[in-house]
Every structure is written in structure tokens, then in C-alpha cells.
Amino acid sequence: MSDFDIAETGALPALSTEPRKPRVALALGAGAAKGLAHIGAIEVLEQRGFEIVAIAGTSMGALIGGIYGMGKLDIYRDWVSTLARFDVLRLVDWSFSGGGFIKGDRIMAALRELIGEVNIEELPIAYTAVATDIDREREVWLTRGPLFDAIRASIAIPTLFRPYTHEGRRLVDGALLNPLPVLPLMREEADYVFAVSVDGAAEMQKPPEKNVTAVADHGYTAKLGRLFGRVLPAGDGKPKLKDPGAFDLMTQSMDLMQANLSRLRLAAYPPDLLIEIPRNVSTVYEFYRARELIELGRVRTEQMLDSWQPRHMQVR
């Protein structure tokens with residue numbers, strides 16, 4: 001029967017008796033490899049019956065949020081979960097000019113090949129990637145144009161990645177000004193605003209298992225490993241007091257500043273639920289621990305939801 005026939009006979013379409021899912025606007029914070037915990041958090045939210053209608057992300061949060069918006073988070077999760085230590089190294093295109101150690105072209109090309117490309121306006125959910133205009137000293141919300149261009153700008157950690165030039169502006173990591181972007185979500189029609197921060201209080205961690213692979217000291221892998229070792233900390237296996245290298249010290253300092261900035265932002269714009277991951281669960285480049293970090297995101301999200309007392313749903 002056509003819609004016209006229904007109107008003529010006076011019949012009404014059947015109303016759904018299914019309860020409406022709670023709609024969530026989700027903020028995903030910066031955190032490099034730690035941000036893989038966002039994957040576990042999103043999976044739990046969906047399993048618990050929440051509908052994610054908007055995402056705002058900074059740096060790794062922008063990456064995970066954008067891929068989720070494309071409906072391809074499972075593809076990325078399966079891919080990143082297979083990466084070993086030297087697989088991560090192969091995605092690094094070194095550069096000692098242009099304002100960063102890494103160009104970033106190789107990793108973005110790999111993601112485009114894996115995921116595809118889309119304009120932000122075409123995503124089925126509202127999406128905002130947060131970056132920083134380094135010259136104008138302003139926070140930038142990227143809500144249109146090619147998705148991976150916005151992500152590339154948002155992940156441009158100063159000194160590590162080259163700044164990304166977008167519409168005549170030099171953009172770097174959004175975490176410089178807004179590591180956990182709750183504010184862009186205040187304009188969205190959602191029942192709740194949730195935030196996932198990987199800048200939580202540091203916790204005692206058991207030493208990670210060593211990822212030891214027998215590799216001959218020659219060839220592409222060995223050369224790349226030695227080059228990476230000039231920037232990243234390395235050990236000889238002998239017990240000694242930890243003496244942080246320059247890279248470790250820089251990232252530890254950035255983590256501390258980012259965590260304090262997150263607290264200030266959260267005090268001004270508190271979400272309905274804050275899910276926190278300890279900031280010392282991994283270093284910047286430990287993407288080869290993906291399975292562990294994703295599972296940590298799942299566990300912490302389940303714990304927070306179990307103890308959360310939601311208010312009555314209302315549209316913001």
C-alpha cells in the first residue's frame with residue numbers, strides 16, 4: 001500500500017515500541033599511542049546501547065573519531081593490532097628539516113589506502129578535529145574538507161611532526177591549546193556529553209614485556225632501527241638507574257602540561273561522564289601494544305559506566 005493509500009483510508013503507520021537509544025556527543029583526547037584506548041571506549045559505549053551522534057577529537061582522538069565516523073573503526077583496529085615494533089618504524093618518514101623529525105606523509109598514505117578518503121561534511125555524524133594555528137596562536141576547529149587533511153593537522157606534534165599548511169595557515173597539534181575538546185560538543189543535540197581522557201593520574205605500572213626479535217645487524221630494518229634509536233631511548237639490558245633521554249624528557253614534560261591543561265578545560269566545561277586512562281600507560285610511539293591499550297580502554301569505560309549515575313535524559 002502506498003503512502004497516498006494510507007492517507008486516504010485513514011490508516012496510521014505502526015509506531016515503534018523500541019526505546020530510543022541515549023544520544024552521546026563524545027570528546028576524545030590527545031595522547032599518541034595511548035589514544036588507542038579510545039577504540040575500546042567506543043566499542044563499550046556501543047555495546048551498552050549508546051548512540052554516538054557527534055565526535056570532537058584532538059590529535060589521536062581526531063584520528064580515532066574520524067575513522068569511527070567513516071564506519072571503519074573495525075578495519076583500523078584489526079590493522080593496528082597486527083603492528084610489531086618494526087612495522088611502526090617502517091611508517092616513519094624521517095626528515096630533519098621543515099620543523100619536525102617526521103614528515104607524516106607515509107603514515108597518512110597508509111591510512112588513506114587502508115580506510116579511504118571522505119569529506120567531513122559527508123560523515124553521518126557531526127565531527128570536529130581540533131588543531132592549533134601556531135602563528136596566530138589560536139585554536140582551530142576543522143569541520144569541513146578532506147577528513148585526513150584535518151587529522152594530519154591535528155596530530156602534528158611540535159618538533160615530532162612537520163606543521164601542516166591548511167588554507168594558508170600553519171597548523172600543529174590541537175593539544176597545545178585544547179587536549180580534550182568538550183567545548184565543540186556543547187552545540188550538538190545530544191542527551192549526554194562524554195569525554196575520554198588519556199591524561200589521567202599516573203599509576204604504578206608493571207614493566208612491559210620486552211618485544212625481542214632476532215634481527216641481523218644489517219639491511220633496511222637495522223639501519224632504520226639505529227636511526228630511530230638516536231631519537232628514542234634505548235637500553236643495553238643492564239640494570240641501572242633510569243636516565244631519560246631528550247625525547248623521553250620532552251614527551252614527559254608535554255604529558256604533564258597537557259594533563260594540567262585538560263584539568264583546567266574540564267573545570268570550565270565538565271562533561272556528563274569523564275573516562276580517564278592513566279597518562280603513563282605507554283610512550284608516544286608504542287603502537288605495537290595496540291591490543292593491550294584497546295583492552296585498557298574497554299576496561300576503564302566499563303568501570304566508569306558501572307558506577308555512573310545518569311541524570312534524566314534531556315536534549316542539550
Side-chain angles (χ1 to χ4, degrees), residues 24-48 50 52 55-68 73 76-77 80-81 83 88 129-130 151 154-155 157 173-176 178-182 185 192-209 248 251-267 269-308:
V24 169
L26 183 62
L28 300 177
K34 293 177 292 183
L36 292 171
H38 294 321
I39 298 174
I42 289 173
E43 290 177 344
V44 169
L45 290 177
E46 289 195 320
Q47 290 167 4
R48 293 291 186 100
F50 293 96
I52 300 172
I55 286 183
T58 294
S59 200
M60 193 63 183
L63 173 65
I64 299 299
I67 294 175
Y68 171 77
L73 190 59
Y76 176 77
R77 178 201 61 214
V80 77
S81 295
L83 294 181
V88 176
V130 177
I151 291 171
S154 187
I155 68 171
I157 302 172
D173 196 335
L176 288 182
N178 194 350
L180 187 58
V182 174
L185 299 173
Y192 304 110
V193 172
F194 289 176
V196 183
S197 169
V198 290
D199 290 321
E203 296 180 2
M204 291 293 292
Q205 303 289 328
K206 63 181 181 180
E209 296 181 6
D248 257 352
T251 54
Q252 186 178 356
S253 300
M254 290 180 65
D255 280 349
L256 181 58
M257 290 187 292
Q258 187 171 299
N260 279 281
L261 182 54
S262 289
R263 282 194 287 271
L264 291 173
R265 286 280 185 161
L266 288 170
Y269 307 103
D272 295 297
L273 177 66
L274 174 63
I275 300 160
E276 290 189 294
I277 311 297
R279 64 177 178 269
N280 63 331
V281 294
S282 81
T283 57
V284 169
Y285 52 90
E286 291 182 313
F287 287 89
Y288 50 85
R289 294 174 55 202
R291 290 188 182 90
E292 174 189 348
L293 294 168
I294 292 169
E295 181 59 24
L296 179 61
R298 293 182 60 86
V299 170
R300 293 303 172 104
T301 302
E302 288 172 344
Q303 291 172 347
M304 291 305 301
L305 287 173
D306 288 342
S307 61
W308 180 50

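Just so you know, these numbers come straight off a predicted model, no measurement behind them.
Every side chain to side chain contact (heavy atoms under 4.5 Å, CB included) that A56 has, sequence neighbours left out, goes to T128, P181, P184, L185. Checked against side-chain hydrogen bond (donor to acceptor under 3.5 Å, both in side chains), T301 has no partners two or more places apart in sequence or in another chain. Among residues two or more places apart in sequence or in another chain, the side-chain hydrogen bond (donor to acceptor under 3.5 Å, both in side chains) test is passed with E46 by Y68. Under the rule for a side-chain hydrogen bond (donor to acceptor under 3.5 Å, both in side chains), T58 has no partner lying at least two apart in sequence or in another chain. Judged as a salt bridge (Lys or Arg N to Asp or Glu O under 4.0 Å), and not counting sequence neighbours, the contacts of R48 are D306. The ring pair (Phe, Tyr, Trp, His ring centres under 6.0 Å) check on Y76 picks up W79, with sequence neighbours excluded. Legend: residues meeting side chain to side chain contact (heavy atoms under 4.5 Å, CB included) with A32, ordered by chain and number and at least two apart, are V284. Here F50 pairs with F194 under the ring pair (Phe, Tyr, Trp, His ring centres under 6.0 Å) rule; sequence neighbours left out. Listed by chain and number, the residues in a salt bridge (Lys or Arg N to Asp or Glu O under 4.0 Å) with E43 are R77, R298 (sequence neighbours excluded). A search for salt bridge (Lys or Arg N to Asp or Glu O under 4.0 Å) contacts involving R279 returns nothing, not counting sequence neighbours.
Atom CG of L180 is separated from atom CG of L28 by 8.5 Å, given to the nearest 0.5 angstrom. With values rounded to the nearest 0.5 angstrom, L293 atom CG is found 10.0 Å from K34 atom NZ. To the nearest 0.5 Å, the span separating CG on L36 from CD on E295 amounts to 13.0 Å. Taken to the nearest 0.5 Å, the CD1 atom of I64 stands 11.5 Å off from the CG atom of L26. The NE2 atom of H38 lies 10.0 Å from the CD1 atom of I55; values are rounded to the nearest 0.5 Å. How far CD of Q303 is from CZ of R300: 5.5 Å, rounded to the nearest 0.5 Å.
Screening residues 256-266 for salt bridge (Lys or Arg N to Asp or Glu O under 4.0 Å), with sequence neighbours left out, gives E139-R265.
Between the side chain of S59 and the backbone N or O of A30, no donor-acceptor pair lies under 3.5 Å. A donor-acceptor pair under 3.5 Å links the side-chain atoms of E286 to the main chain of T283, judged by distance alone. Using a distance-only test at 3.5 Å, with no hydrogens or angles considered, no donor-acceptor pair links the side chain of D272 to the main chain of Y192. In this structure, the side chain of D199 does not engage the main chain of N260 through any donor-acceptor pair within 3.5 Å.
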CA sep, side-chain torsions, deciding dist, call: S197, I277, side-chain contact (heavy atoms from CB on, under 4.5 Å): CA-CA 6 Å; S197 169; I277 311 297; over 6 Å; no
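Here the shortest heavy-atom pairing between N280 and A202 reads OD1-CA, 3.4 Å.
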